[in-house]
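Would you mind keeping the following structure in view while I ask a few things?
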Amino acid sequence: MGIKMAKRIAVVDVDLCVGCQSCMFACNRRFGEAGLARTAIFVQSTGGFEHGFAVKVCRACKEPPCVKVCPTGALTKREGGGVRLDYRKCISCGNCVSGCTIGAIFWDEVLDKPTVCTYCGYCVSYCPYGVIKLEDVEAL
């Protein structure tokens, strides 16, 4: 039995993104819901089709700044990079959202808590153009 490696979502080629938001809808399905309200990945226009799109998703930082600003220890470093969120410890202060240097922590209005990527890779299988992929952190 091999060692389980940490994973992360990688943006392979953002120029291939057409802004379909399929990854966002897929991520939101983790909660068994339709829509986009609770997604942990965000596709944003940088000026329409002429200028393309930006894909915001947790990049599994080795030293996550969001962990440093969490006053309760609800966010902890994940082995291999990135974070884990303990909803029971979260006080909904929002420091993690403002502390994320790439804007990849979003707010769940239903739970009144942050939404953080769980590195499950579900979104990857729904991207029709191969913009994102799930990769081993060790392979970097």
*Can you name the residues that form a side chain to side chain contact (heavy atoms under 4.5 Å, CB included) with Leu111, not counting sequence neighbours?*
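By the side chain to side chain contact (heavy atoms under 4.5 Å, CB included) rule, Leu111 matches Arg38, Tyr87, Asp108, Lys113.
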*asked:* Would the distance check show the side chain of Thr46 and the main-chain N or O of His51 forming a donor-acceptor pair, the cut-off being under 3.5 Å?
replied: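 Answer holds: yes.
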*Considering all heavy atoms of both residues, which atom of Cys17 and which atom of Val55 are nearest to each other, and what is their separation?*
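Residues Cys17 and Val55, closest heavy atoms: SG-CG2, 4.3 Å.
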*Please report the closest heavy-atom contact between Tyr129 and Val18, naming both atoms and the distance.*
CE1-CG2, 3.5 Å
*Find the distance between CD1 (Ile102) and CZ (Arg59) and round it off to the nearest 0.5 Å.*
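Rounded to the nearest 0.5 Å, the CD1-CZ separation comes to 5.0 Å.
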*Assess whether side-chain contact (heavy atoms from CB on, under 4.5 Å) is satisfied between Phe53 and Gln44, documenting all intermediate values.*
CA-CA 5 Å; Phe53 298 90; Gln44 178 179 4; over 6 Å; no
Residues 90-100 side chain polar contacts: donor-acceptor under 3.5 Å, at least two apart:
unit_1 : atom_1 : unit_2 : atom_2 : d
Ser92  : OG     : Asp112 : O      : 2.4
Asn95  : ND2    : Val69  : O      : 3.2
Ser98  : OG     : Asn95  : O      : 3.1

*Could you give the distance from SG (Cys23) to CD (Gln21), rounded to the nearest 0.5 Å?*
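Between atom SG of Cys23 and atom CD of Gln21 there are 8.0 Å.
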*Supply the atom-to-atom distance Cys123 SG to Asn28 CG, rounded to the nearest 0.5 angstrom.*
12.0 Å
_Full working for side-chain contact (heavy atoms from CB on, under 4.5 Å) between Thr115 and Arg30_ = CA-CA 11 Å; Thr115 297; Arg30 295 177 303 148; 3.7 Å; yes
*Tell me whether Val11 is reachable from Val43 by hopping between hydrophobic residues (I, L, V, M, F, W, Y) whose side-chain heavy atoms are closer than 4.5 Å.*
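Same cluster: Val43 reaches Val11 through Ile, Leu, Val, Met, Phe, Trp or Tyr contacts under 4.5 Å.
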*Report yes if some heavy atom in the side chain of Val124 is under 4.5 Å from a heavy atom in the side chain of Ile9; otherwise report no.*
yes
*Would Glu135 and Lys7 pass as an ion pair if we require N to O under 4.0 Å?*
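Judged by the 4.0 Å cut-off on N to carboxylate O distance, Glu135 and Lys7 do not form a salt bridge.
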*Could you state the interatomic distance from NZ (Lys89) to CG (Leu75), rounded to the nearest 0.5 Å?*
10.5 Å
_Least distance between heavy atoms, Cys120 atom then Leu134 atom_ = O-CD2, 4.0 Å
_Cluster overlap Phe106 with Val67, hydrophobic side-chain contacts below 4.5 Å_ = no
*asked:* Rounded at 0.5 Å granularity, tell me how far SG in Cys20 sits from OH in Tyr126.
replied: 12.5 Å
*Rounded to the nearest 0.5 Å, what separation is found between the CD1 atom of Ile132 and the CD1 atom of Ile41?*
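With rounding to 0.5 Å, CD1 (Ile132) is 4.0 Å from CD1 (Ile41).
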*Minimum-distance pair of heavy atoms, taken over all atoms of Ala40 and Val57*: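 Residues Ala40 and Val57, closest heavy atoms: O-CG2, 3.9 Å.
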*Are Phe25 and Val131 in one and the same hydrophobic cluster, where Ile, Leu, Val, Met, Phe, Trp and Tyr link if side-chain heavy atoms are under 4.5 Å apart?*
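Hydrophobic grouping puts Phe25 with Val131.
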*Could Arg29 and Tyr122 be counted as a cation-pi pair, given that NZ or CZ must be under 6.0 Å from the ring centre and within 45° of the axis?*
no
*Residues two or more places apart in sequence or in another chain: which of them pass side chain to side chain donor-acceptor pair (under 3.5 Å) with Lys77?*
Glu63
*asked:* Pair Val137, Lys62 - check side-chain contact (heavy atoms from CB on, under 4.5 Å), show working.
replied: CA-CA 10 Å; Val137 173; Lys62 292 287 184 192; 3.4 Å; yes
*Between Val83 and Arg78, is any pair of side-chain heavy atoms under 4.5 Å apart?*
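Not in contact.
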*For Pro114 and Ile105, work out which heavy atoms get closest and say how close.*
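The pair with the smallest heavy-atom distance is CB-CG2, 3.7 Å.
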*Which heavy atom of Ala54 sits nearest a heavy atom of Val14, and at what distance?*
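Taking Ala54 first and Val14 second, the nearest heavy atoms are CA-CG2, 4.2 Å.
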